[in-house]
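These numbers come from a predicted model, not from an experiment. Every chain is numbered from 1 and lettered A, B, ... according to where its sequence line falls, protein lines coming before strand lines.
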2 protein chains.
Amino acid sequence: MKRTRFAGDACPVARAVDVVGDWWSLLIVRDAFIGRRRFGEFQTGLGVAKNILTDRLRKLVAAGVFEQVPAADGSKHKEYALTEKGRELLPVVVALGQWATCDATPFTPVDRETGRPVRLVFRSADGRTLDPRDVRLTPAETG
Amino acid sequence: MKRTRFAGDACPVARAVDVVGDWWSLLIVRDAFIGRRRFGEFQTGLGVAKNILTDRLRKLVAAGVFEQVPAADGSKHKEYALTEKGRELLPVVVALGQWATCDATPFTPVDRETGRPVRLVFRSADGRTLDPRDVRLTPAETG
DNA sequence: GTTGAATAGTTGCAATTTGCAACTGAACCG
DNA sequence: CGGTTCAGTTGCAAATTGCAACTATTCAAC
């Protein structure tokens, strides 16, 4: 049957899942962060079927995560570039990466200036860094 | 056709997607963080079909994200509780929530002790907090 | 302890999605 | 101009999804 969609859901996680909660979409975004931009790069890099890739790229463009940009090396082929909204998905990709990390990590998040590795952490209002264990979710308080 | 699986993939994001990159799984995990534990709570809360929920819970238990615990209020019904590994998914859920947040937020991450809200941020080795814009992914450096 | 309702699933079926493979049409290379 | 790469499109078989109806425990009351 038709897949349930969450676009109008009140929960932001649900809406995010609606856009990006699909096996391929997040991997395409991850590849984009590594520097891939062309259809063929995504296709061979991920081993995804071409019709699926076509569909996902179209949907990600429609969702405002990617945009088609005219060129990069002057060729007439279009390329897919992350939008601002798309680049804001970096914490999601990094969080997933930190969760399942083992020996073979194909990428590391680093400070763009110093090139030194960074971590994703919780920070309280007064600047303290918190262990995830010390964080909980409160349902719906003040909105 | 059979869905492509990434369980043996080198990339941790891919492996994470294999477990949790499914429309329902992450929402189930989110609900667990809010405090839901019973089959029926997940079912009515998410509006997911019962056979799908059965399947997802089974897979999440097999993946070590949930475990079935004997009781909570003495009843003989089993409940589903997040394991340590499952609780470590909190940054993923929060990252997705931060990405798609708008007015109606059904939950907020807060400091367990003070109850005050916290944010997920990037932190460099020397303790500075970085804007996601100042972070990039370097592919496969040292392995 | 039997009846009835709630809980936690299972089963069957039709619509949708997925993925492989083969095909098409530009764009680039010589 | 001819061949090759790039970027898809099309067709089809198998898997997944979701609804609805059904079953089996468990709880609550009588």
Side-chain angles (χ1 to χ4, degrees), chain A residues 1-9 14 17-28 31-32 35-63 66-82, chain B residues 1-9 14 17-28 31-32 35-63 66-82:
Chain A
M1 281 286 251
K2 193 184 219 167
R3 235 164 44 204
T4 310
R5 304 323 298 244
F6 306 100
D9 200 291
V17 161
D18 198 60
V19 173
V20 99
D22 147 70
W23 312 279
W24 294 117
S25 299
L26 255 183
L27 295 176
I28 294 170
D31 272 19
R36 301 198 203 286
R37 301 169 66 84
R38 299 271 287 263
F39 186 94
E41 287 182 299
F42 293 121
Q43 207 265 308
T44 60
L46 290 171
V48 56
K50 302 207 284 184
N51 54 350
I52 307 291
L53 181 57
T54 300
D55 179 75
R56 294 302 183 278
L57 283 172
R58 221 192 293 282
K59 282 176 181 165
L60 288 168
V61 168
F66 279 98
E67 63 187 337
Q68 282 195 304
V69 296
D73 58 338
S75 111
K76 269 187 181 173
H77 289 297
K78 299 283 183 208
E79 297 191 345
Y80 295 90
L82 286 169
Chain B
M1 278 286 251
K2 192 187 221 166
R3 237 165 42 205
T4 310
R5 305 322 299 241
F6 305 101
D9 199 290
V17 162
D18 199 61
V19 173
V20 99
D22 148 72
W23 313 277
W24 294 117
S25 300
L26 254 184
L27 294 177
I28 295 169
D31 272 19
R36 300 196 202 289
R37 302 168 65 85
R38 299 269 287 259
F39 186 94
E41 287 182 299
F42 293 121
Q43 208 265 310
T44 60
L46 290 171
V48 56
K50 302 206 285 183
N51 52 351
I52 307 291
L53 180 57
T54 300
D55 179 74
R56 292 304 183 276
L57 284 172
R58 220 191 293 281
K59 282 176 182 165
L60 287 167
V61 167
F66 280 97
E67 64 186 335
Q68 282 196 303
V69 295
D73 58 337
S75 114
K76 267 187 182 175
H77 288 296
K78 300 283 182 205
E79 297 191 345
Y80 295 89
L82 286 168

Undergrad: Return the 5'-most residue of the pair Asp22(B), Leu57(A) with respect to DNA chain D, ranking by each residue's nearest nucleotide.
TA: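 Between the two, 5'-proximity favours Leu57(A).
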
Undergrad: Classify Phe42(A) by what it touches in the nucleic acid, base, sugar-phosphate, or nothing, heavy-atom distance under 4.0 Å.
TA: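 Nothing, no nucleic acid heavy atom in range.
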
Undergrad: With Val48(B) as reference, evaluate Thr44(B), Asn51(B), Ile52(B) under the side chain to side chain contact (heavy atoms under 4.5 Å, CB included) test and give the passing residue.
TA: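 Passing option: Ile52(B).
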
Undergrad: Check whether any side-chain nitrogen or oxygen of Arg58(A) sits under 4.0 Å from OP1 or OP2 of dT9(D), and answer yes or no.
TA: yes

Undergrad: Would you tell me if any nitrogen or oxygen in the side chain of Tyr80(B) comes within less than 4.0 Å of OP1 or OP2 on dT7(C)?
TA: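 So the side chain of Tyr80(B) is outside the cut-off, no N or O lying under 4.0 Å from OP1 or OP2 of dT7(C).
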
Undergrad: To the nearest Å, give me how far apart CD (Gln43(B)) and P (dA6(C)) are.
TA: 15 Å

Undergrad: Got Phe6(B) and Leu27(A) here, is their nearest side-chain heavy-atom distance under 4.5 Å?
TA: yes

Undergrad: Are Trp23(B) and dT16(D) close enough that a side-chain N or O sits under 4.0 Å from OP1 or OP2?
TA: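 For Trp23(B), the contact criterion (side-chain N or O under 4.0 Å from OP1 or OP2 of dT16(D)) is not met.
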
Undergrad: Side chain of Thr54(B): nearest nucleotide among dT10(C), dT18(C), dT17(D)?
TA: dT10(C)

Undergrad: Pick base, sugar-phosphate or nothing for Lys50(A), based on heavy-atom distances below 4.0 Å to the nucleic acid.
TA: base

Undergrad: Quick one: is dT16(C) close enough that its OP1 or OP2 comes under 4.0 Å of any side-chain N or O from Arg3(B)?
TA: no

Undergrad: Nearest to the side chain of His77(A) - dC28(C), dG18(D), dA8(C)?
TA: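 Of the candidates, dC28(C) comes closest.
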
Undergrad: Would you say Thr4(B) reaches dT18(C)'s phosphate, i.e. side-chain N/O to OP1/OP2 under 4.0 Å?
TA: no

Undergrad: Under 4.0 Å between a side-chain N or O of Ser75(B) and OP1 or OP2 of dC27(D)?
TA: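 So the side-chain polar atoms of Ser75(B) do come within 4.0 Å of the phosphate oxygens OP1 or OP2 of dC27(D), strictly under.
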
Undergrad: Quickly work out the Glu41(A) CD to dG8(D) P distance and round it to whole Å.
TA: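 Going from Glu41(A) (CD) to dG8(D) (P), I get 13 Å.
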
Undergrad: Given atom CD of Glu79(B) and atom P of dA8(C), what is their separation to the nearest angstrom?
TA: 8 Å

Undergrad: Verify, without hydrogens or angle tests, whether Trp23(B) (side chain) and Val17(A) (backbone) share a donor-acceptor contact under 3.5 angstrom.
TA: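 Checking the backbone N and O of Val17(A) against the side chain of Trp23(B), no donor-acceptor pair under 3.5 Å is found.
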
Undergrad: What about Asn51(B): does its side chain form a donor-acceptor pair under 3.5 Å with the base of dG9(C)?
TA: no

Undergrad: I would like to know whether Glu79(B) and Arg37(B) meet salt bridge (Lys or Arg N to Asp or Glu O under 4.0 Å); could you show each step before the answer?
TA: CA-CA 5 Å; Glu79(B) 297 191 345; Arg37(B) 302 168 65 85; 2.7 Å; yes

Undergrad: Counting just side-chain N and O atoms, does Arg38(B) come under 4.0 Å of either OP1 or OP2 of dT7(C)?
TA: no

Undergrad: Can you check the Lys2(B) NZ to dC20(C) P distance for me, whole Å?
TA: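 Rounded to the whole Å, the gap is 11 Å.
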
Undergrad: Return the value, rounded to whole Å, for the distance between atom CG of Leu46(B) and atom C1' of dG18(D).
TA: 15 Å

Undergrad: side-chain contact (heavy atoms from CB on, under 4.5 Å), that's the test. Do Lys50(A) and Phe39(A) meet it? Break it down for me.
TA: CA-CA 9 Å; Lys50(A) 302 207 284 184; Phe39(A) 186 94; 4.1 Å; yes

Undergrad: Send over the distance from Leu53(B) CG to dC19(D) C1', rounded to a whole Å.
TA: 15 Å

Undergrad: Report the distance from atom CZ of Arg36(A) to atom P of dC6(D), rounded to the nearest whole Å.
TA: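 From Arg36(A) CZ to dC6(D) P: 14 Å.
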
Undergrad: Using the side chain to side chain contact (heavy atoms under 4.5 Å, CB included) definition, which of the options Phe42(A), Trp24(A), Phe66(A) pairs with Arg56(A)?
TA: Trp24(A)

Undergrad: Expressed as a whole number of angstroms, how long is the span from Ile52(B):CD1 to dC13(C):C1'?
TA: 14 Å

